[in-house]
Amino acid sequence: MQGQALPGFRDFYPEDFAFRNSIFATWREVARRYGFQEYDGPPLEPLELYTDKSGAEIVQQLYAFEDKGGRKVALRPEMTPTLARMVGARAQALKKPIRWFSIPQLFRYERQQRGRLREHFQLNMDIIGEAGPAADAELIAAAIDIARAFGLGAEHVRLRLSDRRVLTALLQTHPQFHGERIRIAFDVLDKVERQNRNETERRLREAQFDASAIERLFEIASLKGIEAVLAELRRCPDGPAAGESLVAVITALGAMGLSEFVEVDLTVVRGLAYYTGTVFELFDRAKELRAICGGGRYDNLIKEIAGMDLPCVGFGMGDVVLGELLTEHRRRFEAPGQLDAFLVAVGGEDVAPVLHLAAGLRDRGIAVEYALRNQPIRKQLELAAARGAPRAVIIGPDERKAKVAVVRDLKTGKQRKVALTKVRKGVFK
RNA sequence: GUGGCUGUAGCUCAAUCGGUUAGAGCGCUGGACUGUGGCUCCAGAGGUUGCGGGUUCAAUUCCCGUCAGCCACCCCA
């Protein structure tokens, strides 16, 4: 075997490409329904776009190198910094709120495993310039509607919802959770579901938290559902205010009829440091796969990158985990037969008339194919069927004499003679 | 980046205790079938057993390295 794709990179054979296209088409369709406009940026960006925001360690996970002009560049690992730059540059001119989406191919140099490659396509939807919770609800609704558009209902997926402002308010009721140490608590909470309790306690003790603080953190982690969270918030000084946005988001989603998908869970934190409020993830119910989609509110990022003060909320949804889930649910896309007709020449003297007919039909936008060698009709029909053509148009000496073609329905096997004048116009019956 | 497991035809898998010419099904190509596909039958092509080294009279089989895949960690687009 001579060569193969680099590790973590995919070849898309026609059936894979059809599947990918069907995912993209659904993404675009839902984005359109929500009034989003599509944009794109360069796949190659200045390295600093990522290092400035994410810290130098992430360079280890970037496809980064020096170009021939000595510039340090990187293949984009995420779309948000590019979006921030683009919006920042025209922030004055763009009518707010901005609703934009993109389907970039993103790259990351990491060891691949299931659901995580070195390259993937990711739908990004963002609302920029609206600080209120209606924007958060709108995006969460879009994420859920995408799942629904793929035939995934509340029995297949669930949306886990949290809010960092709520989490902060609850944590701060304990004196040991303050300032930088809240970040540590975030980090631990993010992993609390994946680790056993002993491991979690060990990490907290290493970070100098005492038994009462650890107890408090587990208390917060165990709060499930909005009622439990609200009850707890009422016992904090700034609690009710911190919970306002979360309540508004849940209310809006309820009004849209999406409550059965939504579950408040404070252990959803998201790894990225720049989230400031709402955070959410879409999961398969069985929780066998990684998150299908993740996002949240990041109100300070554009100011950091472009200097404009614009609140944002957005999410990313990759094609890899989603594709795995769809395949599991047997919703794998079958490549559609794209031909309208397969033209069959009975003998060598029929080839030129078939070519002529093919050219005329193609001019009319009709998709046709014919055998590239002289073959028995048997072979030509076999190819026609394999290509998924709905019908074969057979032309032989008898047909030419009678100025007709035999149109054979390849599904039913029924055939009839149709005048050539009609066939030439793409009328096959 | 760390650790564990696994690599045989395009795909799914065989190959006895280490035994000489590595097989089968599906798929692909051709034929039976000279104006009618799907069925059936026949034949063919397709392999450096991931790659490299070692042990042995003999390696798909045992050992080491390496690459790739899967899983876990790390990390989360």
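Because the structure is a prediction, the values reported are computed rather than measured. Reminder, nothing fancy here: chain letters follow the sequence lines and each chain counts from 1.
- Across the strands present, B/U56 finds no partner; the criterion is a Watson-Crick or G-U wobble pair with both atom distances under 3.5 angstrom.
- Only the P atoms considered, B/C51 is 12 Å distant from B/G10, to the nearest whole Å.
- Atom CG of A/Asp187 is separated from atom C1' of B/C75 by 11 Å (rounded to the nearest Å).
- Here the side chains of A/Asp350 and A/Glu399 are not in contact, with every heavy-atom distance at 4.5 Å or above.
- For the C1' atoms, the distance linking B/A77 with B/G30 amounts to 49 Å, nearest Å.
- As a whole-Å value, the separation of A/Arg111 CZ from B/G4 P is 11 Å.
- Between the CG atom of A/Leu117 and the C1' atom of B/G69 there is a distance of 12 Å, given to the nearest Å.
- Residues from residues 409-417 of chain A with heavy atoms under 4.0 angstrom of RNA chain B, sorted by number: A/Asp409, A/Leu410, A/Lys411, A/Gly413, A/Gln415.
- Across the strands present, B/A15 finds no partner; the criterion is a Watson-Crick or G-U wobble pair with both atom distances under 3.5 angstrom.
- Side-chain N/O atoms of A/Arg116 and base N/O atoms of B/C76 include a donor-acceptor pair closer than 3.5 Å.
- A cation-pi arrangement is found for A/Arg118 relative to A/Tyr109, the charged atom lying closer than 6.0 Å to the ring centre and inside a 45° cone about the ring normal.
- For the pair A/Arg20 and A/Phe121, the cation-pi criterion (under 6.0 Å, within 45° of the ring axis) is fulfilled.
- Under the side-chain contact (heavy atoms from CB on, under 4.5 Å) rule, A/Pro311 has a single partner from A/Asp299, A/Ile128, A/Thr276, A/Leu301, which is A/Asp299.
- Across A/Val264, A/Asp265, A/Leu161, a single residue satisfies side-chain contact (heavy atoms from CB on, under 4.5 Å) together with A/Phe280, and that is A/Leu161.
- For the OP1/OP2 pair of B/A72 and a distance below 4.0 Å, the side-chain nitrogens and oxygens of A/Gln113 include at least one atom meeting the criterion.
- A/Pro7 comes within 4.0 angstrom of the backbone, heavy atoms only, and of no base.
- Comparing B/U21 with B/U2, their C1' atoms are spaced 45 Å from each other, to the whole Å.
- Across the P atoms, B/A22 and B/C26 are found 22 Å apart, a figure rounded to whole Å.
- Across every strand in view, B/A9 sits unpaired, with no contact that passes the Watson-Crick or G-U test at under 3.5 angstrom.
- Looking at heavy-atom distances under 4.0 Å, A/Gly115 makes contact with a base.
- Rounding to whole angstrom units, CD of residue A/Glu110 and C1' of B/C74 are separated by 8 Å.
- Distances shorter than 4.0 Å separate some side-chain N or O of A/Arg373 from OP1 or OP2 on B/G30.
- Listed by chain and number, the residues in a side-chain hydrogen bond (donor to acceptor under 3.5 Å, both in side chains) with A/Asp309 amount to none (sequence neighbours excluded).
- Between A/Ile377 atom CD1 and B/G35 atom C1' there is a gap of 4 Å when expressed in whole angstrom units.
- Residue contacts shown for A/Pro104 are absent, as no nucleic acid heavy atom lies under 4.0 Å away.
- In the interface, the side chain of A/Arg408 is paired with the base of B/G37 through a donor and an acceptor atom under 3.5 Å apart.
- With salt bridges taken as basic N to acidic carboxylate O contacts below 4.0 Å, none links A/Glu382 and A/Arg378.
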Can you give the donor-acceptor pairs under 3.5 Å from side chains of residues 96-105 of chain A to other protein atoms, not counting sequence neighbours?
residue	atom	partner	partner atom	Å
A/Lys96	NZ	A/Ala91	O	2.4
A/Lys96	NZ	A/Leu94	O	2.7
A/Arg99	NH1	A/Tyr34	O	2.8
A/Arg99	NH1	A/Glu138	OE2	2.7
A/Arg99	NH2	A/Glu138	OE2	3.0
A/Ser102	OG	A/Tyr39	O	2.8
A/Gln105	NE2	A/Glu119	OE2	3.3

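- Between A/Val406 and A/Val344, the closest side-chain pair of non-hydrogen atoms is not below 4.5 Å.
- Listed nucleotides: B/G1, B/G30, B/G35. Nearest to the side chain of A/Val406: B/G35.
- In this structure, B/G1 and B/C73 make a Watson-Crick or G-U wobble pair, each of the two defining distances being under 3.5 angstrom.
- Within 4.0 Å of A/Arg114, counting heavy atoms only, lie sugar-phosphate atoms of the nucleic acid but no base atom.
- For the pair A/Glu281 CD and B/A77 P, the computed distance is 9 Å after rounding to whole Å.
- Looking at the side chain of A/Gln112, the nearest of the listed nucleotides B/C70, B/G30, B/A77 is B/C70.
- As the counterpart of B/U21, no nucleotide is assigned, since no Watson-Crick or G-U wobble pattern has both distances under 3.5 Å.
- Here the P atom of nucleotide B/C76 and the CZ atom of A/Arg76 are 21 Å apart, to the nearest Å.
- At a threshold of 4.0 angstrom between heavy atoms, the contacts of A/Leu123 with the nucleic acid are absent.
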Show the numbers, then the answer: is there a side chain to side chain donor-acceptor pair (under 3.5 Å) between A/Thr82 and A/Arg76?
CA-CA 9 Å; A/Thr82 300; A/Arg76 60 187 174 194; 5.7 Å; no
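- B/C42 and B/G47 are spaced 24 Å apart, taking the P atom of each and rounding to whole Å.
- Counting any heavy atom pair closer than 4.0 Å across all strands shown, A/Ile394 reaches a base atom.
- The phosphate of B/C33 has neither OP1 nor OP2 within less than 4.0 Å of any side-chain N or O from A/Lys379.
- Side-chain proximity of A/Glu382 to B/C75, B/G37, B/G30: nearest is B/G37.
- Tested against A/Ile140 for a side-chain contact (heavy atoms from CB on, under 4.5 Å), the candidates A/Leu258, A/Thr278, A/Asp145 yield a single pass: A/Thr278.
- One can place CD of A/Gln61 at 10 Å from C1' of B/G1, the figure rounded to the nearest angstrom.
- The separation of B/A45 from B/G23, taken at their P atoms, amounts to 13 Å, rounded to a whole angstrom.
- B/U36: no Watson-Crick or G-U partner with both key distances under 3.5 Å is found in any strand.
- Relative to the side chain of A/Arg378, the nucleotides B/U36, B/C75, B/C33 differ in distance, and B/C33 lies closest.
- Distance check on atom C1': B/C71 versus B/G52 gives 26 Å, rounded to whole Å.
- Projected onto RNA chain B by closest heavy-atom contact, A/Val320 and A/Gly396 fall at different nucleotides, the more 5' of which corresponds to A/Gly396.
- With a cut-off of 3.5 Å on both pairing distances, the Watson-Crick or G-U wobble partner of B/U29 is B/A43.
- For B/G35, its base sits under 3.5 Å from the side chain of A/Glu399 at one donor and acceptor pair at least.
- Taking the P atom of each, B/G4 and B/G65 are spaced 10 Å apart, rounded to whole Å.
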